[in-house]
Each structure stands twice: as structure tokens, then as C-alpha cells.
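Worksheet: one structure, shown below.
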Amino acid sequence: MGSILAGTLLLTATGLFAQVVGFFYRIALSRLIGAETMGLYQLVMPVYSVLLSLTAVGLTVAVSTLSAKHYALGDTGAVRLTLRRALSCFFLVAVPLGAVVILASDPISVYLIGDARTRLGIVLLVPCVLLTGVENLHKHCFYGIGRVRPPAASETVEQLVRAGAVLGLLVLLLPQTKEKTVGIIVAGMVVCEVCSAATLTFLFRRFWRRDPPGTPQDQVTRRQLFGIALPVGATSLLGTLLGSANAVLIPARLVAGGMDSSQAMAQFGVISGMTLPLLALPTGFIGALCLVMVPDLARRTARGNHRAVGGFLDRVVSATSLLMAPAMALLAVVGPTIGRALFQNEGVGEFILPLAVGTLLGCYQSVLGGALNGLGLQGRGARNAILSDAAQLVCTWALVPRWGLAGFVFGFVLSAGVGAGLNLISVLCAAQLRAKVFVWFVRPVLAAVFMGAWCLLFFRVLLGAGCPELWACALCVLLGLILYSAALLAQGLSVTDGLRHRREKETVGGKNP
């Protein structure tokens, strides 16, 4: 148990570090390339996600699952055979698909993406996907056998190498055309993936040299791998296609509404490459929460301890509200100022309040989706995610030409609300629980709204008195924490009590189940 907890905490710390590094990387990137080129880069990335869904996502789940099974039985030879079979299946699919993408890069960029300037980036994505597949298969094999340190170390190095390679190439080679600039960014990603794939391959071989695998006691066939990989990959592909279609449609529908193409791409780049990453920065804690709690829920569910489901849901939803509601309220107040200072763009804070609401709803969707995974209801989670993405796609198509980016923002909030609501209903029905609406949502959100209103007033007073903007932001954050704690205490709750109480409820009876 201790090793599992230590590994989970290590992965959590790694994920938070990667998010912080990635955020500052985006800041530097946006300053170097500008909003319009950032928008073009955001158009290329859905192609990357689709290619990974077609080739690697399902196989990584298969490798992790089969490796864990064989390693638990002591069949280390079958673990190594699993990875070898998965790598051969990956290249069997990825190499021909990559060749098709390269040959068809021109029509893909013009007719599917909607901008010919993405062609070079699409071509360079092919070696990037091949290397990422090798990296992820080795990484998930390590996860399957319970060795989290090698992939954690590789993840940390990967973030630093990516930032250094991309930014270094841009500094050396700019100025270039927008198409070549996007290609330079993807080339930097290729350099990063070379490093990551080589590192994990080396670490994996070193691990087996120290503990040589025996002769496989069980055969691992391609049929077994694809039996797990195909359903997972199909679900991932459908969700990715919906998300990719939405990303491609936003600038196209802005143009359909009468906006200039360059202006549409610039606005898309601001909202997707600047505002949303700023709001996503505190959500690293949600990933940490899921990493700690979801495996625990899955373990207890597997043992038949269904009473723990109620305690898990109570704890995770309360923790989400208690941590994320004040974070979003504070960012709604100081986010525009911070965004202008970091990204040097006036448009960062234009829609930050409704986007903050949508991000909070997205946090609920994520943790409740994790609860469904822990309950073994991945199919319901996938269905809910697809319906959520479909709601966003409909809003983008119907509303963006009329309302501009406000139509996308409305869809963002609606989509997150649909996903969170469907996940909540699914979890409550599966676990036969009743929602604690006041405790889970009303009380912490009211405290956050109270805090946000007073912080907004205080922030304006400070700026009116001539206080420097960044100092005003820092003072508002400090005041906000005090006001939020006071608002919770006035309702008979503190943040620590809200988190601790639910943990203690599960240990009543003399032992931790």
C-alpha cells in the first residue's frame, strides 16, 4: 500500500510540475509567435490527437492491462512479449497511416483543417506520432508492472526538453512565414519525442537486464491486444474527432459570420492558447485528486465495498468545490490583468468570467468521470463525454456566426454543464446515492461568489489609488483567501474540516476499509 501511495504522489507531483512548465512555455510561445500563428498551431494539434487515437491510445491501455495481469502472476516473459507485440501492432498501423497523411497533407490542410498554412506542421506530425507511440507504450508497460519512477522522470525531462527545443529553434530561426513557424514548433516537438522515446527504451532495457525475464508462460497474441485496444481506441477517436471538429470550426464559423480570416485566427489563438490555459492552471489539483482517489475507489469496488462509494463521492465533489470554486472566482477578478502581463494581449480577459464558470463545471465533469471509471462504468463515461462534445459542436456551428466567440463561450459552458450533469446522474444511479446539493455545490459556490464580489471591489479601489497592477493582484488573492475562509466559517465549515471530515467518515468503526 505504501508503494502505491508513494507512486501516486510521485505521478501527481510530476503532473503538477508538467502543467506549470507547460503554462510558462505557452506564455513564451505566444510572445514569440503572436495570436494568429498560435491559432494555426492550435489547428494542427487536433490532427496529432486523431493520429494518436487511431494508432496508440487503445494499445497503451492494452499494454498496461496485460502487463499488470502477467506481472502479478510472475510471468515476466509475457510482460516483455506484450510490449513487443504492441510495438509491432503500432508500427503495422502507424507507418502506412503516416505515409497516407504525408501524401494527402495538402488536401488535409486545405479541405479538412481549412488553412493551407498548416501543411508543413501536419507533415512533421508523422514522425512525432511514431516517436510518441513508442514512448507511450514503454511508459504504460512501466505503469502496468508498478514502476512509476522511470516514466515520471521521463515526463519531467520531456517538458523541459520540449520547452527548450521549441523556444530555442524559434529564437534561432525567426522570423519566418507563419507556415514555417508552425513547422518549427512541430520540429521542436519531434526533438523532444526523440529524447523521450530513447530514454524510456533505454530505461526499459536496463530494467530487464537487472531482472531478466523468463520464458513466457502464456502467449500474447495480436488478437488479445486488439480485443482491448479497439473499443478503447474507437471511443477515444470519436471524442477526439468531435473535439477536433470543434477546434477547426471555430475560425471557419467566425469567417462565415463576416470576420476577416486573420482576425478570426487571432481570436481563436487568444481564447484557446491563452485564456483557457490560464484558467486551467489551478486544475492540476483536480488531476492530483483523481490520481489519488480513483484507484482507491476501483480497489474498494473490486473488493465489493460499495459503501465506500458514498464516501468517495462525498469527498471528491466537496474537495472539487472547496478548491476550484474560489480559484475560478479569483481568476475571474485578477485573470485579465495577469493575462495581459503574461501574454501581452488585451483580449485574454474578454470572456474570462463565463469561461471560469465552464472550467469549474469541467472540473466536476472530470472528477465524476473518474468516479465512473473507478466504478467500472467507462462506457457511460464515454457516452456522456461524447454527448458533451456534441453539445459544444452544435453551439459552435449554430451560434458562432451570429454571436462571434460569445457563441463558443456559451457552448463551452453548456457542454461542461451537460457533461457534469450526466456524469453526476450516472454516478448517483450506479451507486444508489442521493445528491447533497447544498453541501457539495451551494455552500462553497456562495462563499466563492461572496469572496469574488468583495475582491473585485477591493481590486478596483487599489487600482484607483495608483497601486501597481501585480501588487494589487497579490493583495486581492491574499484578501480572497481570508474572505473565503471567513465565509465558510460563517456557514459552519472550514476548508480543512470539509476535506478531513469526509476522510474520517470512512474510517469509523476502528479500521480503514
Side-chain angles (χ1 to χ4, degrees), residues 8-9 11-12 15-16 19 276 278-298 308-332 354-375 377 381 384-385 388 412-413 415-428 430-431 433-452 480-481 484-485 487-488 491 493-506:
T8 302
L9 292 176
L11 289 175
T12 300
L16 290 173
Q19 191 155 358
L276 289 177
L278 176 64
L279 289 170
L281 188 59
T283 63
F285 293 103
I286 294 302
L289 199 63
C290 291
L291 280 173
V292 171
M293 294 183 180
V294 172
D296 182 69
L297 177 62
V309 174
F312 169 84
L313 182 62
D314 193 11
R315 186 166 69 252
V316 76
V317 178
S318 295
T320 301
S321 295
L322 288 168
L323 295 174
M324 291 299 106
M328 293 301 109
L330 282 172
L331 280 174
L355 289 173
V357 174
T359 302
L360 177 61
L361 292 171
C363 291
Y364 291 129
Q365 181 181 357
S366 296
V367 295
L368 291 168
L372 288 174
N373 289 336
L375 290 168
L377 300 174
N384 296 342
S388 171
F412 181 81
V413 178
S415 170
V418 168
L422 290 175
N423 283 348
L424 178 62
I425 293 170
S426 297
V427 170
L428 293 176
L433 298 172
R434 297 179 64 182
K436 301 178 181 179
V437 176
F438 183 77
V439 175
W440 290 347
F441 308 112
V442 176
R443 186 160 55 180
V445 171
L446 282 177
V449 170
F450 168 80
M451 174 204 70
L481 295 176
Y484 183 66
S485 299
L488 289 178
Q491 300 178 76
L493 179 70
S494 69
V495 175
T496 54
D497 289 341
L499 298 177
R500 186 189 307 121
H501 173 67
R502 288 159 183 82
R503 184 63 181 172
E504 288 173 351
K505 282 176 67 176
E506 291 190 34

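Positions are given from 1, in the same order as the sequence printed here. Computed from heavy atoms alone, side chains included, the values below leave out hydrogens, waters and symmetry copies.
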Non-neighbouring partners of Leu446 that pass side chain to side chain contact (heavy atoms under 4.5 Å, CB included), sequence neighbours left out:
Val442

How long is the span from the [atom1] atom in [X] to the [atom2] atom in [Y], to the nearest 0.5 Å?
X: Leu422; Y: Gln365; atom1: CG; atom2: CD; answer: 8.5 Å
X: Leu355; Y: Leu279; atom1: CG; atom2: CG; answer: 6.0 Å
X: Leu428; Y: Leu368; atom1: CG; atom2: CG; answer: 8.0 Å

Do Val445 and Trp440 have side-chain heavy atoms sitting under 4.5 Å apart?
no

pair Phe441-Val317: side-chain heavy atoms closer than 4.5 Å
yes

With Ser321 via side chain to side chain donor-acceptor pair (under 3.5 Å) - residues at least two apart
Tyr364

Residue list, side chain to side chain donor-acceptor pair (under 3.5 Å) with Asn384, at least two apart or on another chain:
Asn423, Ser426

Heavy-atom pair of closest approach, residues [X] and [Y]:
X: Tyr484; Y: Leu322; answer: OH-O, 3.1 Å
X: Ala416; Y: Ser388; answer: N-OG, 4.3 Å
X: Phe450; Y: Ala487; answer: CD2-CB, 3.8 Å

Quick one: side chains of residues 324-331, donor-acceptor pairs under 3.5 Å with protein atoms, not counting sequence neighbours, listed by atom name and distance.
none

